[in-house]
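A quick write-up on the structure given underneath.
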Amino acid sequence: MFKSQWLGISKPDNNTHFEYVSSFEADDFNRVTIRISAKDYYKLYINGEFIGQGPAPSFKEDYAFNEYDITKYVKIGKNSIKAEVYYQGLINRVWTSGDGICGIIADIYADGKLIAGTDESWLYRVDKSFTGGEISGYDTSFSENRDFTKKAESFKNAEPCKCPLAFSDKAYPSVQSYPVSIKPEIKDGVLCYDFKQEYVCNISVRAVSEADGAVLTLRAGEEEENGRVRYNLRCGCSYEETVILKKGENSFTQFEYKALRYLEICVPEGVKTECEILVRHYPYSGGALKSEDKKLAAVLSLCERTVKYGVQENYIDCPTREKGQYLGDAFITGFAHYYLTKDSTVLRRALVNFARTAELYGDMLSVAPCSYRQKIADYTLLYPLAVLRLYRLTHDRALLESTFSSCEFIVSSFDKIKAEYWQLIDWPENLRDGYEFDEKKPHAVFDAYCVCAASAYEKICESLGKSCRKKSEALRSEFNKNYFKNGVYTDNKESRHASVHANALALAFDICEDKNKGAVADYLIKRGMECSPFMAYFYLSALCKASRYNEALGFIKDEGKHGWLNMIKEGATTCYEVWGKDEKWNTSLFHPWSVAPIVIIAEYFADLLI
């Protein structure tokens, strides 16, 4: 894959930023490209121009790399190259970090011929301007305090060594990045920016100081409070950082991304600043969804923005607190993203990575690829259905073959999954509609997911021409026997309580007998969406499976407290994690798992769009 050498760092400290520099000669050429990867993350510059960043979070057994056409940035003769490389070192849901592997590798080609690459001629140093900071979210990121008055460390020779990574077969797309700028409002001497909607971005600042030691304070957030930015976010992140300036020009772009709408910069006397944000997201080619129905159009616009700006190198549950790719979230976001763009690259890679967790750890993890190991029963049991659906949309037989053993593992491990995995039901707990269950005993939600997994697995076997022991019909029959009582599904055998969740999944997963669909749908309509925006997909799908299309569409446009219009009423420009800001103690105000309307409209109401 790579012809050049891996330049590694031995025993890197957590939260360390490195600079790698070199130069290369280019003669006459038509096209110049670079292939590059790093651990944990890089930002690449050619002749001072920003080229791109990456790679996507990856397991070291199938590590991602990027390729760029750099022709327009290269000149005949000598060219400079710089890469900022970051090692975070935390065990979290973001990267496969915390393993001590840090470094960079790159090949440069002119018209297909290797002309340069990482080797012993490269130099590197630690960027000492980063002075450390608090950890935010679920050990997700460090704040970026800087001190530009500190003396720079001298460059030293890089150390080529054996590459510890096995790279993917082909390059993975890099995120797009582009500037957005507005004129700030001045409040009490503070520069206040309202970008009018929430973005995922990096903050970029140019400051000119009359003296050493002047201090900029940056505060960012998703909302305002009493006319000022709320920088201690509801979701548990703190977006306040300080930058100590040297005399003269100080230009910097924050390395890690944030989700923000509002930004404040406290500027001391003797300092002049300019600021913009660099919006970033996976390359987006989707067309805008439109409807003549104003309420539906508003909901679709909210959801589409959430998908566009919320998909990074992978499907993140939120760009603030976790930044992790959860399997359940990817089920909703992934198909919404596919329906909008017809690009299956991210979803396919996500499904392959989740399959890899079963191979690496003997368990299907629920957030991957990363160094944090979390197991959620509901998400794992959705996996075969996700694989089957993507196959039916793309006819990608290789996907079925590469994930088959993991689907087989899931269907043969129901007892293990029930005993060892967290049974989510829904999140947060106050949106479980009073669901009654004991994890050790049979209950409707877990068993519904088992029926779903078994049924999807059998269809996968059929598509591959493989024989298998079929058990979905027996599981379906047992489910109806155990939980269907007096026209509704109860939460468990002994319970009289009939939750939205038990009934929605019974319909959505085609468990309910045809003769009972009307009664179950009536009950769901009567109860309303007493669930999270994630479970709302299954709720709406259940109504559509029972041919209650008007009612499903009505709930998408509902103006009550459990609806997307309520988010908009509260000022949302991207979907919330829950229906309202105060419905969860640490609510994320940017949560792509809430984009069910896109999937439902694509699957059942495409004729409504214009």
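It should be emphasised that the depicted structure is a prediction, and the values quoted were computed from it without experimental measurement.
- Here the shortest heavy-atom pairing between R228 and V190 reads NH2-CG2, 3.4 Å.
- Between the side chain of D317 and the backbone N or O of Y326 there is no donor-acceptor pair closer than 3.5 Å.
- The closest side-chain heavy-atom distance from Y41 to Q88 is not below 4.5 Å.
- Counting only N and O atoms by type, the side chains of H591 and S594 include no donor and acceptor under 3.5 Å apart.
- For the pair R125 and E153, the salt-bridge criterion is not met [side-chain N within less than 4.0 Å of a carboxylate O].
- Remark: Y193 OH to I277 CD1 distance equals 11.0 Å, nearest 0.5 Å.
- Distance alone, capped at 3.5 Å, places no donor-acceptor pair between the R35 side chain and the A171 backbone.
- Atom NZ of K561 sits in a sparse spot, with 12 or fewer heavy atoms from other residues, nucleotides or ligands closer than 6.0 Å.
- Nearest heavy atoms, T357 versus A368: CG2-CB, 3.7 Å.
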Quick one: do S174 and Y68 satisfy side chain to side chain donor-acceptor pair (under 3.5 Å)? Show the steps, please. CA-CA 9 Å; S174 175; Y68 303 95; 3.1 Å; yes
For residues 127-136, dump all side-chain donor-acceptor pairs below 3.5 Å to protein atoms at least two apart in sequence or in another chain.
residue : atom : partner : partner atom : Å
D127    : OD1  : S129    : N            : 3.0
D127    : OD1  : S129    : OG           : 2.7
S129    : OG   : R146    : NE           : 3.0
S129    : OG   : R146    : NH2          : 2.9
T131    : OG1  : N145    : O            : 3.2
S136    : OG   : S238    : N            : 3.1

Working note: S366 + T380, criterion side-chain contact (heavy atoms from CB on, under 4.5 Å); need CA distance, chi angles, decisive distance, verdict. CA-CA 6 Å; S366 297; T380 294; 3.7 Å; yes
Kindly determine whether E84 and H17 satisfy side-chain contact (heavy atoms from CB on, under 4.5 Å), including the steps that lead there. CA-CA 7 Å; E84 301 170 1; H17 294 258; over 6 Å; no
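- At a threshold of 4.0 Å, the pair K60-D99 does not count as salt-bridged, since none of the basic side-chain nitrogens sits closer than that to a carboxylate oxygen.
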Kindly indicate, with the supporting measurements, whether the criterion side-chain contact (heavy atoms from CB on, under 4.5 Å) is fulfilled by D139 and Y372. CA-CA 10 Å; D139 287 347; Y372 185 80; over 6 Å; no
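- One finds no salt bridge joining E222 and R261 here, because no Lys/Arg side-chain nitrogen approaches an Asp/Glu carboxylate oxygen to under 4.0 Å.
- In the model, E264 has no side-chain atom that pairs as donor or acceptor with a side-chain atom of Y231 under 3.5 Å.
- Here the CD1-SG distance, from I104 to C163, works out to 11.5 Å after rounding to the nearest 0.5 Å.
- Remark: R321 qualifies as a cation-pi partner of Y138 under the 6.0 Å distance and 45° angle criteria applied to the six-membered ring.
- In this structure, K581 places its NZ atom where more than 12 heavy-atom neighbours from other residues, nucleotides or ligands lie under 6.0 Å away.
- Both the sub-6.0 Å distance and the 45° axial angle are satisfied by K258 relative to the ring of Y239.
- A donor-acceptor contact closer than 3.5 angstrom links the side chains of Y86 and N15.
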Step-by-step side-chain contact (heavy atoms from CB on, under 4.5 Å) determination, R219 to T217: CA-CA 7 Å; R219 301 188 180 108; T217 301; 4.0 Å; yes
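- The CD atom of E256 lies 9.5 Å from the CD atom of Q254; values are rounded to the nearest 0.5 Å.
- The shortest distance between side-chain heavy atoms of C275 and L263 falls below 4.5 Å.
- Here the side chain of Y87 pairs a donor or acceptor atom with the backbone of G100 at under 3.5 angstrom.
- Using a 3.5 Å distance cut-off with no hydrogens or angles, the side chains of D212 and T149 do not pair a donor with an acceptor.
- Note that CD of E322 and CD of Q374 are 8.5 Å apart. Values are rounded to the nearest 0.5 Å.
- The structure places CD1 of I34 at 4.0 Å from CD1 of I81, a figure rounded to the nearest 0.5 Å.
- Between T96 and P369 the shortest heavy-atom distance is CG2-C, 4.0 Å.
- Between V21 and S80, every side-chain heavy-atom pair lies at or beyond the 4.5 Å cut-off.
- Using cut-offs of 30° and 60° for the angle between ring planes, the H281 and Y178 rings count as perpendicular.
- With T71 contributing its side chain and V32 its backbone, the two residues share a donor-acceptor pair below 3.5 Å.
- Aromatic ring orientation, W593 versus F534: parallel (interplanar angle below 30°, classes split at 30° and 60°).
- Counted within 6.0 Å of CD on E570, heavy atoms from surrounding residues, nucleotides or ligands total more than 12; the atom is thus considered enclosed.
- A heavy-atom distance below 4.5 Å is not found between the side chains of S97 and N92.
- Of the N and O atoms on the side chains of Y282 and D343, at least one donor lies less than 3.5 Å from an acceptor on the other residue.
- Considering every non-hydrogen atom in both N79 and Y73, the closest pair reads OD1-O, 4.3 Å.
- Between the side chain of N232 and the backbone N or O of R230 there is no donor-acceptor pair closer than 3.5 Å.
- Across I316 and Y257, no two heavy atoms sit closer than the pair CD1-OH, 3.9 Å.
- For the pair K584 and Y576, the cation-pi test (distance below 6.0 Å, angle within 45°) is failed.
- By the 4.5 Å heavy-atom criterion applied to side chains, F590 and V200 are counted as neighbours.
- Looking only at distances, a side-chain donor or acceptor of E241 sits under 3.5 Å from a matching main-chain atom of E144.
- F24 contributes atom CZ, which lies 9.0 Å from atom CH2 of W122 (distance to the nearest 0.5 angstrom).
- With Y379 contributing its side chain and L365 its backbone, the two residues share no donor-acceptor pair below 3.5 Å.
- Each side-chain hydrogen bond (donor to acceptor under 3.5 Å, both in side chains) pair with one or both residues in residues 265-279, not counting sequence neighbours, would appear here, but there are none.
- Side chains of V175 and Q53 form a contact here, defined as non-hydrogen atoms less than 4.5 Å apart.
- For R349 and S58, the side-chain atoms include at least one donor-acceptor pair closer than 3.5 Å.
- Of the possible polar contacts, one joining the T574 side chain to the L589 backbone as a donor-acceptor pair under 3.5 Å is found.
- Evaluation of the salt bridge (Lys or Arg N to Asp or Glu O under 4.0 Å) rule for D119 yields no partner, not counting sequence neighbours.
- Between Y20 and Y42, the distance separating the two ring centers is not shorter than 6.0 angstrom.
- Summarising the geometry of I182 relative to D194, their closest heavy-atom pair is CD1-O, 2.8 Å, with the distance given to 0.1 Å.
- Ring-plane geometry between Y284 and H337 is classed as tilted, the angle between the planes lying from 30 to 60 degrees on a 0 to 90 degree scale.
- Taking a cutoff of 4.0 Å between a charged side-chain nitrogen and a carboxylate oxygen, E313 and K323 do not qualify as a salt bridge.
- In this structure the side chain of E159 reaches within 4.5 angstrom of the side chain of Y124, judged on heavy atoms.
- Using modelled atom types, no side-chain atom of E120 and backbone atom of P160 make a donor-acceptor pair closer than 3.5 Å.
- Looking at heavy atoms from C-beta onward, K43 lies in side-chain contact with N202 at the 4.5 angstrom threshold.
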